[in-house]
> 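Submitted below is the structure of interest, expressed as structure tokens.
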Amino acid sequence: MQGFANRRLMLMILSAVFAFLYIPISVLFALSFNEGGLPTAWTGFSVKWYGELFRNGDIMGAALNTLIVAVISTFLATILGTLLAVGVEIRRRKGRFLETIIFAPMIIPDIVLAIALLSFFSLLNVTMGLHTVIVSHVVFNLAFVCSVVRARLRNFDWSIVEASTDLGASMPTTLRRVVLPVMMPAVIAGALLAFTLSLDEFIIAFFTAGAGRDSITLPMQIFAMIRFGITPEINALAAIVMTVSVVILALSQRLNRGGLPGQ
């Protein structure tokens, strides 16, 4: 009887936590279909704000910049993070300090990393723009990709690499035909996670984007718009960004468990 009461109490606590997390998001989704111009008063169902959203040139330009940054930074971070994971995992007994340095960007606050990157670019007299945002996102995402791939490599049987080389395969062939197929689900999961983080990241982009409108990303555009009040158009944009992020993150988690969807 006592165990049943404890489980019921735990269920109530979990329900309250989930409600605290997801009720505001649910309200945001609902208000994105609000027909009226008021962001908090329901006047009827309509999808017109999604149409207005896609006709907004500033938002579409910022969305394009965000995709450019996310795709390029994800590609670079995935390659570098995968190579870094292999190197760190091979020498995991000798490089504890190295691991701490590598995973520091995951631990330190975003604003600290943003200030550090801004100071670095200023020291080198680099003109701020979309290119500095891409480099900054690579630095930010690299540790996450490395962490995801390393989780896969911890269960990797390195003896098959030795067997492959003993059978006459070169190291590039062994990497392509033995190591990469085993790591691929984790590599894809790390890439999806990096893409999601880059898509939603605001603070680092805000510090390293420069002053031109050609380097404004979608989170920066949203921040600029909400300073004048929240509109159903912003609710629609936030709903789309949230949906894309959740879908990509769920797929990343599915792949990180070791298999492809449907297997």
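Residue indices begin at 1 and follow the sequence shown. Because only heavy atoms are used, hydrogens play no part in the values below, and waters and symmetry mates are left out as well, while side chains stay in.
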> Give the minimum heavy-atom separation between Leu192 and Ile248, together with the two atoms involved.
O-CG2, 3.3 Å
> Please say yes or no: joined through hydrophobic side-chain contacts below 4.5 Å, possibly via intermediate residues, are Phe121 and Leu123 part of one cluster?
no
> Given side chains that start at C-beta, do those of Leu130 and Asp214 come closer than 4.5 Å, heavy atoms only?
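A side-chain contact is absent here, since even the closest heavy-atom pair is not under 4.5 Å.
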> Just checking, is any N or O donor in the side chain of Asn65 or Thr217 under 3.5 Å from an acceptor N or O on the other one?
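Looking only at side-chain atoms, Thr217 and Asn65 do not form any donor-acceptor pair under 3.5 Å.
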> Do Phe33 and Phe29 have their ring centres less than 6.0 Å from each other?
no
> Looking only at non-hydrogen atoms, find the nearest pair between Thr74 and Ala194 and report the distance.
OG1-C, 3.7 Å
> Under 3.5 Å, is there a donor-acceptor pair between the side chain of Ser15 and the main chain of Leu11?
yes
> Compare all side-chain heavy atoms of Asn34 with those of Phe45 and state whether any distance is below 4.5 angstrom.
no
> Taking all atoms of both residues into account, what is the closest heavy-atom pair of Met183 and Thr82, and its distance?
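Closest heavy-atom pair between Met183 and Thr82: CE-CG2, 3.8 Å.
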> If you look at every heavy atom in Ala236 and Leu53, which pair is closest and at what distance?
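Result for this residue pair: C-CD2, 4.1 Å.
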> Should Asp200 and Pro219 count as side-chain neighbours, where that means a heavy-atom distance under 4.5 Å?
no
> List the atom of Tyr50, the atom of Ser32, and the distance in Å for their closest heavy-atom pair.
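Looking at all heavy atoms of both residues, the shortest contact is OH-OG, 2.7 Å.
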> Please answer: with hydrophobic residues joined when any side-chain heavy atoms are less than 4.5 Å apart, are Val247 and Val241 in the same cluster?
no
> Do Val17 and Met12 belong together in a cluster built from hydrophobic side chains that touch within less than 4.5 Å?
no
> Any side-chain donor-acceptor pair under 3.5 Å between Ser122 and Ser119?
no
